[in-house]
Participant: 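This structure is in structure tokens; I'll ask about it shortly.
Chain A is the first sequence line, chain B the second, and so forth, proteins listed ahead of strands; every chain is numbered from 1.
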Amino acid sequence: MFIRVADEGKQNEETIEIPVDGDADGSVSLSTLTAQFQGVSALKYRNSESGVWRGVRVVDGKLYHPDGEWDPNAIYVPVYSKPMPSEIKRKGFDENQDETMSTSLGQIKPQRVATDFMINNNVDYDDIDRNRRCVDLIVLGISYRSLEDDVKKCFEEFGELVLCEIKRDSNGQSRGFGFIRYKNYESQLAVINKRHFIDGRHVDVKIPESKASHEPEYTRKIFITHMPDAITTDDLRQYFSKYGTLTDIYIPKPARSFGFVTFTDSSIVRSLLGKHVIKGCTVTVGLAEPKTKSYNINDYPSSTFKKAKSDHRGIRTFAPYAAPPPAAYPYYHQQFEQASNTDRMFTYFQQYNVSTPSATKEAFPTHQQSYWNTTEAAADGIWQ
DNA sequence: GTTGAGCGTT
């Protein structure tokens, strides 16, 4: 069986039939879809009764129809998150521009080939370029008695170093961390995310926060819970690296059933919220809270998870519920991307007959973004 | 069952 997919307003010229995996679970593979619609992250369709858009559920790279079966006559419309396909630079797109970058290590000519991964995950070349360069790497966990030479000896095994230093206080006492930098990017790839031993201590090498991203760390980080002890950092790396470039993986020792994975980019984070199956275990992915409570909310208006939670308690107090939610719960943010506003949220939730007294609107300051979705709302008893 | 150690200098 096939479903018909076309960009909005292009049903006449460019409707493409996409196969449904009938052997398995009747889902449509997101990668099959992205082969035809670059940059697509979900599908939507018009609800024939109400006329409003409905989102198709996306889980683990597969699209599931809310009613359990696809309508062969419907036209499904791709939902894109940024950037739009026309903005994805493919090989040849801007070949006449000189894109040679100057770095302290010489000239690097970036390759301009969009991989499937990049297209699927809306990774653009700026991300890749930034990530392909050698940067100073932070070395954490250095013994206080280790010297520069000890550190150097360990890391020279992987290639020529252009920097190796241990940070010290004004008395010359080691602070237990330092920085290294390689001449070649391959060496950087070889040491990062691996365990190293110096003077009987294991040390970690990471991209330092100052180089990781322009976005605050916690917006790029997921919080994984209900995680069995058997899941290791390697398992998390293997599983989550398909969604983006990782800058950090953390599992406390001894294990406490949770962990963190940090990406280079915050944009993938929202799409990962919910259940995932890793090594046969179902784990829950949530947002990481900021490590310090002293952040200024106005600095990061798009990342105020705690505020979003209290907003939705606001609804619960007011709303009587006339009807149960539909069979599936499309993510609000998959339809409307990142920036939200009160009016648009209320319009969206009206399709579920959630009563929205005007007083409730006051609980939604317009500068705040809501990350919560209808599944979470249902779990919290809004519609029970 | 549910939130992380530590991040500099030019």
Side-chain angles (χ1 to χ4, degrees), chain A residues 102-105 133-146 148 151 155 161-170 172-181 188 191-193 195-196 198-199 201-233 236-237 240 246-264 266 269 272-276 278 281-295 300 303-309 371-372 376 379-380:
Chain A
S102 291
T103 73
S104 58
L105 300 172
R133 289 169 44 209
C134 283
V135 295
D136 290 2
L137 304 171
I138 190 163
V139 184
L140 297 164
I142 301 172
S143 162
Y144 292 121
R145 53 191 180 81
S146 293
E148 268 80 356
V151 176
F155 291 112
L161 291 168
V162 296
L163 168 76
C164 179
E165 64 170 348
I166 291 174
K167 288 297 164 191
R168 300 174 184 281
D169 65 19
S170 50
Q173 169 69 242
S174 164
R175 292 170 66 191
F177 69 92
F179 291 88
I180 59 172
R181 186 183 184 116
Q188 174 171 315
V191 300
I192 223 158
N193 290 330
R195 175 160 292 181
H196 304 274
I198 302 173
D199 290 331
R201 283 184 58 92
H202 77 77
V203 300
D204 297 315
V205 183
K206 298 175 177 180
I207 305 275
E209 267 312 303
S210 58
K211 296 280 164 46
S213 168
H214 56 284
E215 300 175 292
E217 188 206 37
Y218 72 92
T219 66
R220 299 179 279 111
K221 203 169 200 179
I222 54 173
F223 174 49
I224 307 157
T225 51
H226 306 129
M227 207 175 67
D229 295 1
I231 292 184
T232 64
T233 53
L236 294 183
R237 178 181 309 114
F240 285 105
L246 312 185
T247 64
D248 194 30
I249 304 163
Y250 177 85
I251 297 176
K253 297 186 193 85
R256 287 161 57 199
S257 307
F258 67 84
F260 293 93
V261 170
T262 314
F263 293 89
T264 53
S266 69
V269 165
L272 296 176
L273 303 182
K275 306 285 184 197
H276 291 256
I278 303 174
C281 308
T282 301
V283 303
T284 308
V285 170
L287 296 171
E289 292 179 357
K291 230 182 278 190
T292 56
K293 302 292 179 208
S294 58
Y295 68 99
Y300 311 118
S303 312
T304 50
F305 182 53
K306 287 191 159 177
K307 283 293 172 186
K309 279 215 155 180
Y371 280 116
W372 56 281
E376 183 180 317
D380 273 355

Participant: Looking only at side-chain N and O atoms, does A:Y250 come under 4.0 Å of OP1 or OP2 in B:dT3?
Facilitator: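 No, no such contact exists.
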Participant: With A:R201, which residues qualify under side-chain hydrogen bond (donor to acceptor under 3.5 Å, both in side chains), at least two apart?
Facilitator: none
Participant: Do you see a donor-acceptor pair shorter than 3.5 Å between the side chains of A:K167 and A:S174?
Facilitator: no
Participant: The criterion is ring pair (Phe, Tyr, Trp, His ring centres under 6.0 Å); which residues satisfy it with A:Y250, sequence neighbours excluded?
Facilitator: none
Participant: So if I take every side-chain heavy atom of A:E289 and compare against B:dG8, B:dC7, B:dT3, which nucleotide ends up nearest?
Facilitator: B:dT3
Participant: Would you say A:F177 stacks on B:dG6, if stacking means ring centres under 5.5 Å apart and planes within less than 30 degrees?
Facilitator: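 Given the distance and angle limits, no, they do not stack.
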Participant: Using a 4.0 Å heavy-atom cut-off across all strands, classify A:G141 as base, sugar-phosphate, or nothing.
Facilitator: base
Participant: Identify which nucleotide among B:dG6, B:dT9, B:dT3 has an atom closest to any side-chain atom of A:F260, counting heavy atoms from C-beta outward.
Facilitator: B:dT3
Participant: Give a yes/no answer on whether the side chain of A:K291 brings an N or O atom under 4.0 Å of OP1 or OP2 in B:dG6.
Facilitator: yes
Participant: Using side-chain heavy atoms (C-beta onward) and a distance below 4.5 Å, is A:H196 in contact with A:V139?
Facilitator: no
Participant: Consider the side chain of A:F258, meaning its heavy atoms from C-beta on, and name the nucleotide among B:dT3, B:dC7, B:dT9 that approaches it most closely.
Facilitator: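 Among the listed nucleotides, the one closest to the side chain of A:F258 is B:dT3.
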Participant: Compare the minimum distances between each of B:dG6, B:dG8, B:dT3 and the side chain of A:R256, then state the nucleotide with the smallest one.
Facilitator: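 Of the candidates, B:dT3 comes closest.
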Participant: If you check the A:A288 side chain, which of B:dT3, B:dT9, B:dA5 turns out closest?
Facilitator: B:dT3
